[in-house]
Asker: 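Below is one structure. I have some questions about it.
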Amino acid sequence: MGAVEELVARAGGCAVIDGGFATQLEALGADINDPLWSAACLIARPNLVKEVHMQYLEAGADVIISSSYQATIPGFLARGMSLDEAEDLLRTSVKLALEARDEFWKSTLRKSKPIYNHALVAASIGSYGAYLADGSEYSGSYGADITIEKLKDFHRRRLQVLAGAGPDLIAFEAIPNKMEAQALVELLDEENIQVPSWICFSSVDGKHLCSGESFADCLQILNASEKVAVIGVNCTPPQFIEGIIGEFRKQTKKAIAVYPNSGEVWDGRAKRWLPAECLGHKSFDALAKRWHEAGASLIGGCCRTTPSTIRAVSRILKGRTGH
């Protein structure tokens with residue numbers, strides 16, 4: 001808890017999380033049309049992964065998230081890798097982020113007036129549905145044969161490896177149902193993970209998890225865990241965020257993180273992004289200011305947000321005119 005609270009205080013009351021990772025990898029020329037999604041770059045183009053981290057640090061991110069959201073041991077094994085190679089790639093995702101953070105910080109300290117904070121590195125762990133890559137990460141419907149024990153077994157080794165790789169935080173992202181939240185909380189205790197964690201849910205309507213279950217039921221589970229330092233939502237349309245923060249404020253004393261997508265909608269059939277209509281005239285950075293005022297203390301972006309989005313958010317939250 002200390003590391004997060006300290007960062008938020010250093011950042012002036014609201015820390016900035018980075019933005020869309022796969023979005024920026026594509027902008028740099030990576031092909032991520034792959035079951036491993038952005039994690040494919042850990043194998044083929046690790047230099048690009050580090051470059052994206054650098055771009056978000058330069059934009060003012062106080063927290064950078066590793067490229068391991070879709071990186072799973074079964075996913076790498078299916079690619080023909082050995083168990084050792086799969087685990088090494090998980091460690092590499094954290095190592096690249098730590099290297100980027102440390103190199104960037106060294107260069108910042110050389111400047112006469114540093115305007116950046118020493119960023120934290122969060123090791124990303126996506127949901128079971130993200131590994132399945134069948135759309136269930138957006139519905140939370142994992143099928144009748146999936147149990148809490150099976151979910152714990154799925155996440156266990158990945159959590160052990162990532163926590164052992166030296167990140168400042170563990171970021172469980174876009175969790176779509178209550179069962180998985182329960183499994184993660186139990187797993188953090190069973191494995192006695194000492195790295196502070198955040199658990200962020202995804203929502204399609206702003207009132208429930210993707211599964212249709214209530215936030216209130218899930219927050220009860222997270223509130224009881226000393227291992228969970230931050231709760232929030234990500235990969236959720238921006239127009240729902242302010243209302244969700246209001247709900248969370250009533251139901252938890254933990255720090256709240258929000259990093260929504262751009263509001264664009266992925267058309268799976270046509271394989272393209274549909275334009276965002278929901279943002280209207282309210283730009284992302286102006287909304288970010290409202291989210292902070294509503295009670296969020298960590299704010300960033302998810303799919304389709306970019307370093308320029310994060311730069312604007314950082315400026316408005318920290319009251320800067322430059323960089």
Side-chain angles (χ1 to χ4, degrees), residues 22 32-40 68-81 83 86-87 89-90 123-162 170-191 193 197-222 224-225 228 231-237 240 244 261 265-271 302-303:
I32 57 169
N33 184 14
D34 187 290
L36 291 172
W37 200 41
S38 54
S68 49
Y69 175 81
Q70 198 106 349
T72 65
I73 293 169
F76 288 137
L77 295 179
R79 186 55 67 87
M81 298 186 161
L83 183 59
E87 292 184 359
L89 284 169
L90 288 175
S124 172
I125 295 181
S127 69
Y128 177 65
Y131 155 68
L132 294 176
D134 62 358
S136 60
E137 65 185 304
Y138 304 110
S139 68
S141 303
Y142 290 168
D145 61 332
I146 291 297
T147 63
I148 285 179
E149 290 307 315
K150 283 185 180 173
L151 288 172
K152 285 195 285 194
D153 289 344
F154 170 76
H155 284 294
R156 192 178 306 272
R157 185 61 190 146
R158 175 164 60 154
L159 174 60
Q160 289 169 340
V161 171
L162 287 171
I170 303 284
F172 295 102
E173 302 192 276
I175 301 304
N177 62 38
K178 179 180 161 186
M179 184 193 293
E180 195 156 19
Q182 179 75 51
L184 296 174
V185 164
E186 290 182 17
L187 195 54
L188 288 169
D189 273 337
E190 286 174 19
E191 297 301 322
I193 300 298
S197 293
W198 81 44
I199 294 183
C200 285
F201 299 105
S202 50
S203 174
V204 288
D205 65 359
K207 300 192 185 321
H208 309 87
L209 278 70
C210 288
S211 60
E213 294 165 308
S214 78
F215 285 127
D217 287 350
C218 291
L219 294 191
Q220 269 188 314
I221 295 166
L222 304 194
S225 171
V228 179
I231 60 171
V233 287
N234 73 296
C235 215
T236 294
F240 297 138
I244 291 173
N261 54 40
V265 176
W266 176 250
D267 181 339
R269 191 167 292 175
K271 296 273 192 278
C302 202
C303 299

Asker: Any side-chain to backbone donor/acceptor pair from S136 onto D134? Under 3.5 Å, distance only.
Answerer: no

Asker: Tell me if a side-chain donor or acceptor on Y142 pairs with a main-chain N or O of G129 at a distance below 3.5 Å.
Answerer: yes

Asker: Quick one: does any side-chain atom of N261 pair with a main-chain N or O of C303 as donor and acceptor, under 3.5 Å?
Answerer: no

Asker: Could you tell me if the side chain of S202 sits less than 4.5 Å from the side chain of P176, heavy atoms only?
Answerer: yes

Asker: Tell me if a side-chain donor or acceptor on E173 pairs with a main-chain N or O of Y69 at a distance below 3.5 Å.
Answerer: no

Asker: For the pair Y131 and F154, name the ring-plane relationship: parallel under 30°, tilted 30 to 60°, perpendicular over 60°.
Answerer: tilted

Asker: Please round to the nearest 0.5 Å and tell me the distance separating atom CD1 of I231 and atom CZ of F215.
Answerer: 10.0 Å

Asker: Kindly say whether A71 contributes a backbone atom to a donor-acceptor pair with the side chain of S68 at under 3.5 angstrom?
Answerer: no

Asker: Are the side chain of N234 and the backbone N or O of A174 linked by a donor-acceptor pair below 3.5 Å?
Answerer: yes

Asker: Show the nearest heavy-atom pair for residues S38 and I32, with the distance to one decimal.
Answerer: CA-CG2, 4.1 Å

Asker: Taking V185's backbone N and O only, do any of them form a donor-acceptor pair with S225's side chain (distance below 3.5 Å, no angle check)?
Answerer: no

Asker: Evaluate F76 against L36 for side-chain contact (heavy atoms from CB on, under 4.5 Å), listing each step before the verdict.
Answerer: CA-CA 8 Å; F76 288 137; L36 291 172; 3.9 Å; yes

Asker: Heavy atoms, side chains only, cut-off 4.5 Å: are F201 and C218 in contact?
Answerer: yes

Asker: Looking at every non-hydrogen atom in both residues, tell me the closest pair between I170 and L162 and how far apart they are.
Answerer: CD1-C, 4.5 Å

Asker: Evaluate side-chain contact (heavy atoms from CB on, under 4.5 Å) for L188 paired with L159, printing each intermediate quantity in order.
Answerer: CA-CA 9 Å; L188 288 169; L159 174 60; 4.1 Å; yes

Asker: Do you know which of Q182, E191, E186, E180 makes side chain to side chain donor-acceptor pair (under 3.5 Å) with K152?
Answerer: E186

Asker: What do the steps show when you test D153 against R156 for side-chain contact (heavy atoms from CB on, under 4.5 Å), and what is the final call?
Answerer: CA-CA 5 Å; D153 289 344; R156 192 178 306 272; 3.7 Å; yes

Asker: So, are R157 and E87 salt-bridged, with charged N and O less than 4.0 Å apart?
Answerer: yes

Asker: A side-chain contact here means heavy atoms from C-beta on lying under 4.5 Å apart; do S197 and F172 qualify?
Answerer: yes

Asker: Atom CG of L184 and atom CD1 of I125: how far apart are they, to the nearest 0.5 Å?
Answerer: 7.5 Å

Asker: Is there a donor-acceptor pair closer than 3.5 Å between any side-chain N or O of D217 and the backbone N or O of Q220?
Answerer: no

Asker: Would you mind reporting whether I146 and Y128 have side-chain heavy atoms less than 4.5 Å apart?
Answerer: yes

Asker: Any chance you could lay out the side-chain contact (heavy atoms from CB on, under 4.5 Å) test for R79 and D34, step after step, and finish with the verdict?
Answerer: CA-CA 11 Å; R79 186 55 67 87; D34 187 290; 2.7 Å; yes

Asker: Please determine, by modelled atom types, if S127 and E137 share a side-chain donor-acceptor pair under 3.5 angstrom.
Answerer: no

Asker: What heavy-atom pair brings G140 and N177 nearest, and what distance separates the two atoms?
Answerer: O-ND2, 2.9 Å

Asker: For the residue pair S214 and L209, what are the closest heavy atoms and their distance?
Answerer: O-CD1, 3.9 Å

Asker: Please report the interatomic distance CD1(I148) to CG(L187), rounded to the nearest 0.5 Å.
Answerer: 11.5 Å

Asker: How close do K150 and D145 get, counting heavy atoms only, and between which atoms?
Answerer: NZ-O, 2.9 Å

Asker: To the nearest 0.5 Å, tell me how far K178 NZ sits from L219 CG.
Answerer: 11.5 Å

Asker: Quick one: closest heavy-atom pair of G206 and S203, and the distance?
Answerer: N-OG, 2.9 Å

Asker: Is it the case that S211 and E213 place a side-chain donor and acceptor less than 3.5 Å from each other?
Answerer: yes

